[in-house]
Amino acid sequence: MTTKDIPTVYDPHAVEEKWYQYWLDNGCFTPEIDPEKQPYTIVIPPPNVTGALHMGHALDNTIQDVLIRYHRMKGNPTLWLPGTDHAGIATQARVEAELAKEGLSRWDLGREKFLEKVWEWKHQYGGRIITQLQRLGASCDFTRERFTMDEGCSHAVREVFVSLYERGLIYRGSYIVNWCPQCHTAISDIEVEHEDTTGHLWYVRYPLADEENGYVTVATTRPETILGDTAVAVNPHDERYKDLVGKEVILPLVGRRMPIIADYYVDPTFGTGAVKITPSHDPNDFEIGQRHDLKQVTVIGLDGRMTEGAGKFAGLDRYECRRQLVNKLQEGGYLEKIEDLDHAVGHCSRCNTVIEPLLSKQWFVKMKPLAEPALQVVKEGGIRFVPERFTKIYCQWLENIRDWCISRQLWWGHRIPVWYCKDCGKEIASRDDISSCPKCGSSHIEQDPDVLDTWFSSALWPFSTLGWPEETADLKYFYPTSVLVTGRDIIFFWVARMIFMALAFMDDVPFKDVFIHGLVLDAEGRKMSKSLGNGIDPLEVIEKYGADTLRFMLITGSVPGYDLRFNWERVEATRNFANKVWNVSRLALLNLEGFDPSQVNPSDLEFTLADRWIRSRFSSVRNRVVELISDYDLGGAGTALYEFIWDEFCDWYVELAKLRLYGDDEKARQTAQYVMWEVLERTLRLLHPFMPFITEEIWQHLPHEGESIMNAPYPKEIGERDEKAEKEFALIQEVVRGIRNARAEMDVPPTRRARVIIQAKPETAAVLKQSSMYIVSLAWANEVVTGLITAEKPPQAVSFITNGVEVYLPLADLVDMDKETARVKKEIAAMEAEVKRSERMLANKGFLAKAPAEVVQKEREKEVGYRDKLARLKERLTRLQGNH
RNA sequence: GCGCACUUAGCUCAGCGGGAGAGCACCUCCUUGACGCGGAGGGAGCCAGAGGUUCGAUCCCUCUAGUGCGCACCA
């Protein structure tokens, strides 16, 4: 493609595919280990293998890619390690759904066959999300891609499990767990979502045993659990029931005698102050049962149906049982009343089924000893949360943590490495598979059928992916990682667990910073979800607008830690920006033919005010961007670039450079070419981490050094900041804006060139005189006459006055003198208000005494300026009125 | 119930101790040799309410109201 053929509208499609393939083919994403340099490492939060890329992924991975590309250009050996998560429940459910279409269940296939199916499925679809990440431009090192169930990660899981077992931190026991009857497995506490629901509170009379007519009324939200009751409890201080403690009641419909016990757990102010106790189906009742040595009667089974323990209700669904039971209670005269009650009901976070707490034998991780150091390291600053407020959320969770239920009644996952000897009863946790009992030698052994919680393997991700437990070169060099980038919804699930596992096994933090971002919401501010159907597919946005646009829109729309709303207007605005970058580059390319920067010695060039200004502005924007990125304010950095490119480079610098680019002065032309190239090429490098594709495409067409912009060095400043140039140029901008404004208010069309008479103080006049061609060009003048402020004022003219400068546009025929008078009057009023405000401040003794000297000084200067401007305006008014 | 956020222009959101900002939308003008996915100009806000700290508060503190989100075993 020659520069002449560059289309006027940027088309991302071909460009993105081409450069991504180029980067892959050239191994651009794979770092070289250099012991002399400081590595920069991120391990990806592994997406679910079965998943498809959603907006949350798009944001999370764009942030990571910006950080990664930035540090890579900065010269750090940079590793972004990608991979996927086996997502036990989700993946298994997916494959089971496939089987169900053929009328089969996993039990029909058997464990081994079923697992083969899942692997098959994984091989077929597991790569999809990785491909989708590539569409986004993610510069992950795919040669190091990992999967939580690959050999290395599985090895790490085994090592950690057995090691924790040996340290006494993993145990097996019968406790109340959160059981999902739909997923048919136990889940951990954080996988339960509590939803506020209006339910009922049933008041049921339990007749006293051995007494005529006496009864105790209990209140329950789950009548079906009555069948499993083994006691009634009251508070020991509750006077109402004092005499009943120690007596017995008869369980309605069942006839079981059970004790009335006293326990401080009972809140006398709730319900009737008497609580039915079901040790097999409620965690608190379970504990009370332990304290009082109560019987456990299981009445609800793993399928959510009533068990044999439920007697004549056996086999009924739990809710059907509830209905029938309540009827029976009513018939028997046991039901006292029913009240509405708002309470929180636990639902499975995966399938939204109501969780059934039930007694079950499961594996647990003892949390207290692991949580302690994890709290410590964060409190001591070993790990920093950004934004800082998430530290508190993290700490509160760990401080109140309960043991972690890690066994899952699934087939897809890391199988628990524990064997039971059927002969001697020995329980063996082993790093390697075993075929005989080490105690009695029996080969009659059986491995635990359950698998581990997926998060167990995810918790090891930062080091298992780098080769642990082997002491690999990668692990040595890239660990600990630099930052973890993730959404705020996953702090407990993942962040906390990685931290305590790393401390327990690496004796070091897994990452130094945790950067938390918000969620991507829909335009109405709702969470995007499948059930609402309000999700927007990132790939659709990429198709329509390009990956750079999606990335930049997400980045500039996000503030660390806060949610952002997705709306198409912002996508379009960002697309327009991409197009702006494209077109200003197009202009540059059209004017750089035959230009070779290597043939130019900058010290031979004569830089104009505009040149010095834009170079200085570049430097300060460059420094600002670096500062913002190091604070993780990527949105701020993106916005700074947006404004610099559009407002300063395009709207001011390039417009002025055209004067020389299209002029006859060869030297001046070369200088303009040089500066335009210099600033554009460097700005593209600043922009590259945010918009990798378009910047690469343009950069390749511009004169440049190196193979790819992604490996080009991060730009340095262009010399020192030139405050004089910035100040002088600001004056030009003010004058130009003033002229444009005055013309617009007088409805003078741009085609109507006007004479501009500028009167100023000697120094200022000199600057303006030298830059008069800027005013000619930007303010549609045909002639600029610059004189001293003492000179005679033109009569019939539009005017404006700014600090020490008076500008007149003598447009006799176009000027409506009444309008002009009104304008001046309005300005006078405004200026009088300013003077008053300034005076008031400066008359305030407290202000003079306590405000910083420079603030006071600034205010004094302002006052002088205002007074001067006011005087001139009044003079102008007098003359206008005199002329009438 | 406890905790954490948020409330700024019509909309989406920045700013956060010294005179209110952006994008979109709106109004006026412009076929200027990169771009109409553009250019120039403009209107628009008691910065939720009430107190307090301060010379000075949109910004810090307290309370109130509304919204959102976490956490929580009240049967």
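Not measured: the values here are computed from a predicted model. The chains referred to below are lettered A, B, ... by the order of the sequence lines, with proteins before strands, and numbering in each begins at 1. We use all heavy atoms of the structure for the numbers below, so side chains are in, but hydrogens, waters and symmetry mates are not.
Phosphate contact (OP1/OP2 of B:U7, side-chain N/O of A:Y562, threshold under 4.0 Å): absent. When the side-chain nitrogen and oxygen atoms of A:R389 are compared with OP1 and OP2 of B:C4, none of them lie within a distance under 4.0 Å. Under 4.0 angstrom from either OP1 or OP2 of B:G56 there lies no side-chain N or O belonging to A:N844. The phosphate of B:C71 (OP1 or OP2) has no side-chain N or O of A:K392 nearer than 4.0 angstrom. For A:N284 and B:C74, the shortest distance from a side-chain N or O to OP1 or OP2 is not below 4.0 Å. An OP1 or OP2 oxygen of B:C30 is reached within less than 4.0 angstrom by no side-chain nitrogen or oxygen of A:W780. Side-chain N/O atoms of A:K276 include none lying less than 4.0 angstrom from OP1 or OP2 on B:A75. Regarding contacts with the backbone of B:U12, a side-chain N or O of A:R565 is found under 4.0 angstrom from either OP1 or OP2.
Nearest-nucleotide positions on RNA chain B place A:S585 closer to the 5' end than the other of A:T269 and A:S585. Heavy-atom nearest nucleotides on RNA chain B were determined for A:V275 and for A:V9, and the one closer to the 5' end corresponds to A:V9.
In this structure, A:D238 atom CG and B:A75 atom P are separated by 18 Å, rounded to whole Å. The distance between atom CD1 of A:I401 and atom P of B:C73, rounded to the nearest whole Å, is 13 Å. Taking atom CZ of residue A:R840 and atom C1' of nucleotide B:G18, one finds them 14 Å apart after rounding to whole Å. Taking atom NZ of A:K580 as the reference point, atom P of B:G23 lies 13 Å away to the nearest angstrom. The distance between atom CG of A:D196 and atom C1' of B:C71, rounded to the nearest whole Å, is 12 Å. The CG-P distance, from A:D189 to B:C73, rounds to 8 Å in whole Å. Note: CZ (A:R752) to P (B:C30) measures 15 Å, nearest angstrom.
The residue A:A219 sits close to a base: some heavy atom pair falls under 4.0 Å.
With both pairing distances under 3.5 Å, B:G23 is matched to B:C11 as a Watson-Crick or G-U wobble pair. For B:C6, the paired nucleotide is B:G66, the pair qualifying as Watson-Crick or G-U wobble because both relevant distances are below 3.5 Å.
Ring-base stacking between A:F847 and B:G56 is not satisfied when judged by a centre separation under 5.5 Å and a plane angle under 30°.
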